[in-house]
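Just below is one structure, and these are the notes that go with it.
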Amino acid sequence: MNSSEIDIHKELKKYFGFNQFKGLQEQVIKSILSKTNTFVIMPTGGGKSLCYQLPALVQEGTAIVVSPLIALMKNQVDAIRSVSSNDGVAHVLNSSLTKTEINQVKKDITSGLTKLLYVAPESLAKEEYVDFLKSVTISFVAIDEAHCISEWGHDFRPEYRNLKNIIKLLGNVPVIGLTATATPKVQEDILKNLDMSDAKTFKASFNRPNLFYEVRTKTKNIEGDIIRFIKQHKGKSGIIYCLSRKKVEAIAEVLQVNGISAVPYHAGLDAKTRAKHQDMFLMEDVDVVVATIAFGMGIDKPDVRFVIHHDIPKSLESYYQETGRAGRDGGEGYCLAYYSYKDVEKLEKFMSGKPVAEQEIGFALLQEVVAYAETSMSRRKFLLHYFGEEFDSETGDGADMDDNVRNPKTKVEAKDQVVKLLEVVRDTKHLYKSKEVIYTLIGRVNAMIKAHRTDSQSFFGCGAAFEERYWMALIRQVLVDGLLSKDIETYGIIKISEKGLAFIKKPTSFMMSEDHEYNESEDDAIVTAAKSSGTADEALMAMLRDLRKKEAKKLGVPPFVVFQDPSLEDMALKYPITMDELINTHGVGEGKAKKYGKPFIELIARYVEDNDIIRPDDLVVKSTGANSANKLYIIQNIDRKLSLDDIASGKGLKMDDLIKEMEQIVYSGTKLNIKYWIDEMLDDDQQEEIQDYFMESETDSIEKALKEFDGDYDIDELRLMRIKFISEVAN
């Protein structure tokens with residue numbers, strides 16, 4: 001039957017039970033049936049697999065589908081077998097088969113029964129398989145997840161690079177490349193490496209208007225925040241992505257302890273457990289899967305209602321793919337990511353052992369993620385621009401579906417600054433990435449700027465009136481606007497576009513909004529902990545601050561001694577009105593609650609009564625007990641006056657982590673007498689000087705103290721003195 005005689009609508013109904021095609025499916029299928037090389041770019045959930053499954057089922061011969069994941073192949077084969085009366089219609093050919101199974105596969109192909117053969121690229125490289133496939137009729141070769149060919153993709157596999165040579169051995173067969181990654185750079189790479197520059201390209205829109213995007217600051221209390229979020233979406237299915245297996249286990253445990261049905265999923269679990277957990281999620285026996293990115297590749301659950309990124313992913317492609325698992329049925333999907341620059345630094349550290357070229361690529365991709373998290377423009381517009389797609393943030397479909405659009409930052413006119421920026425990019429002759437461009441503007445020198453003698457140019461420092469953050473935000477917005485372009489092949493060198501040159505000649509209004517500030521420094525994490533997305537009750541917060549000031553004055557201590565900001569913010573979120581509830585707010589232990597709590601819970605109770613507040617009934621985050629064991633161990637050993645080094649090594653902790661644990665202990669109201677240890681480090685006068693400083697200070701920030709003492713004391717000395725101070729004065 002030749003392609004013009006096939007009624008693809010009838011076949012669609014017969015095999016898949018659908019009455020109509022989705023999006024570009026029909027055009028793609030017609031292209032494949034006409035034996036043309038075809039390239040399909042379609043976001044996850046857009047119905048990519050049907051594009052090659054249907055033509056394979058209705059054509060003569062066997063279609064070869066190259067796919068990177070055994071689990072994924074198995075899912076697809078099961079799906080195809082379920083629409084056919086014969087199991088031989090689809091087969092897998094990979095390292096997991098026995099000799100007998102391989103012979104059965106060959107028999108089914110030779111007899112013309114098998115329409116789809118799924119192979120891993122490694123198997124396709126085996127000579128015996130190539131020889132066999134040369135002897136049978138091949139309808140076409142489909143390469144799924146084709147971005148694996150490109151080093152710029154988020155999932156590069158070297159064995160994909162050799163595919164074009166193997167396909168050539170099979171004779172003149174049409175090739176179909178399919179991917180859900182749409183960065184222009186990766187597309188170009190795929191076409192070049194598959195040697196199919198003549199391919200007919202079909203690109204679906206990457207806009208998923210039913211997904212809501214939000215980024216929150218990652219704080220100490222992230223677990224509480226996640227639990228709160230899940231309880232607000234009770235009974236709905238969700239996925240939480242973490243970077244490490246250890247984190248996956250820990251979060252799954254915390255959720256279970258807090259009454260949420262959740263299971264972990266990562267490559268370290270045995271295959272049986274993984275399959276069981278995946279099935280529990282699909283069959284809705286559990287609501288939430290906590291997973292590393294090993295999960296979800298073959299998951300076709302249409303009603304995932306939220307995807308949470310506990311850790312920021314390595315690239316925007318991964319982020320887009322992972323968030324794309326939400327709302328595939330067209331219903332609501334909430335994509336929440338937690339961001340802290342510390343995580344980015346961690347990812348950069350992981351990369352440092354890799355070859356230089358790979359590092360450069362990794363850094364370039366990671367910087368895009370940072371830009372997405374910190375931007376204050378429409379997140380949807382930002383994402384789609386990254387994928388080479390224009391989006392109108394006023395009228396586009398789903399325009400109001402992100403946190404930045406719903407809570408816009410004020411905009412300021414930046415026409416003159418845009419001109420300065422464009423001129424600097426032009427006059428430095430396209431040598432620099434954004435960092436050097438900004439340094440040139442603010443007049444800061446580094447090795448590269450020195451080497452190119454940029455610091456002796458008249459424009460060097462012409463933007464010094466604004467700080468680095470301002471220029472960073474402006475560059476991001478100017479890039480999205482198309483006045484500048486970033487050349488990813490040279491790892492992010494910035495160039496001016498025709499549109500940018502025209503802007504210099506005839507500037508027009510340019511309204512910019514400043515980026516979000518996520519300045520959570522390591523040691524002040526405790527202090528800034530609960531600055532989540534403005535969910536605390538602002539009015540109550542103001543009243544609690546006043547009360548804290550009053551109480552502190554009465555007792556003659558600085559306000560932070562009574563309760564820290566994060567504790568107040570948590571109170572303004574949870575409305576505790578009993579001692580037990582107060583003890584379960586952030587950073588408040590029993591001692592602290594007893595000593596200072598009474599007026600606070602009285603105030604909150606009055607406020608709740610006066611304003612008819614409906615209190616969250618169960619926002620007490622129960623811990624899994626690991627921390628409390630540490631806590632006891634630390635308290636007992638400090639009582640025995642053991643050296644802190646020994647205490648730390650006894651639990652395998654770094655000194656920094658031990659100090660953090662101690663800070664949490666004293667901040668929640670338990671005394672720790674570490675004078676014996678401090679006496680070894682500082683004499684009485686020095687101790688008194690630091691003690692007086694904290695007594696007079698408005699804040700317990702270590703950064704401020706470091707500035708104040710200007711190098712007289714190091715960070716550990718100040719942190720330990722702060723512990724001693726809080727312990728003596730507050731507890």
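As the structure is a prediction and not an experimental result, all values here were calculated from the model. Just so it is clear, the values below take in all heavy atoms, side chains as well, and ignore hydrogens, waters and symmetry mates.
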Tell me if the [atom1] atom of [X] is crowded by more than 12 foreign heavy atoms within 6.0 Å.
X: Lys236; atom1: NZ; result: yes
X: Lys651; atom1: NZ; result: yes
X: Lys409; atom1: NZ; result: yes

Nearest 0.5 Å, please: how far is [atom2] in [Y] from [atom1] in [X]?
X: Ile674; Y: Lys724; atom1: CD1; atom2: NZ; result: 8.5 Å
X: Met681; Y: Gln687; atom1: CE; atom2: CD; result: 9.0 Å
X: Ile647; Y: Tyr633; atom1: CD1; atom2: OH; result: 6.5 Å
X: Ile690; Y: Asp685; atom1: CD1; atom2: CG; result: 11.5 Å
X: Ile638; Y: Gln636; atom1: CD1; atom2: CD; result: 11.0 Å
X: Glu661; Y: Ile634; atom1: CD; atom2: CD1; result: 4.5 Å

_Ring centres under 6.0 Å, that's the criterion: do Tyr241 and His309 meet it?_
yes
_Is the distance from the ring center of Tyr334 to that of Phe229 below 6.0 Å?_
yes
_Non-hydrogen side-chain atoms of Tyr213 and Leu383 separated by less than 4.5 Å_ = yes
*Flag the pair Lys549 / Lys553 as yes when at least one side-chain heavy-atom distance between them is below 4.5 Å, and no otherwise.*
no
Name each donor-acceptor pair under 3.5 Å that joins a side chain in residues 439-449 to protein atoms two or more places apart or in another chain, with its distance.
unit_1: Tyr439; atom_1: OH; unit_2: Arg444; atom_2: NH1; d: 3.3
unit_1: Thr440; atom_1: OG1; unit_2: Glu436; atom_2: O; d: 2.8
unit_1: Arg444; atom_1: NH1; unit_2: Glu468; atom_2: OE1; d: 3.4
unit_1: Arg444; atom_1: NH2; unit_2: Glu468; atom_2: OE1; d: 3.1
unit_1: Asn446; atom_1: OD1; unit_2: Met448; atom_2: N; d: 3.2
unit_1: Asn446; atom_1: OD1; unit_2: Ile449; atom_2: N; d: 3.0
unit_1: Asn446; atom_1: ND2; unit_2: Glu436; atom_2: OE2; d: 3.0

*Is Asp287 reaching over with its side chain to a backbone N or O of Lys234, donor-acceptor style, under 3.5 angstrom?*
no
*Just jot down the side-chain hydrogen bond (donor to acceptor under 3.5 Å, both in side chains) partners of Asp645, sequence neighbours excluded, or say none.*
none
May I ask you to check whether [X] and [Y] show a side-chain donor-acceptor distance below 3.5 Å?
X: Glu223; Y: Asn258; answer: no
X: Gln686; Y: Glu717; answer: no
X: Tyr575; Y: Glu581; answer: no

*Considering only NZ, NE, NH1 and NH2 on the basic side and carboxylate oxygens on the acidic side, decide whether Lys218 and Asp225 come within less than 4.0 Å.*
no
*Could I get the full list of side chain to side chain contact (heavy atoms under 4.5 Å, CB included) partners for Asp712, not counting sequence neighbours?*
Phe709
*Gln691 and side chain to side chain donor-acceptor pair (under 3.5 Å): which partner among Glu696, Glu728, Arg722?*
Glu728
*Per the ring-ring contact (aromatic ring centres under 6.0 Å, His included) rule, which among Tyr320, Tyr339, Tyr386, Tyr319 passes with Tyr372?*
Tyr319
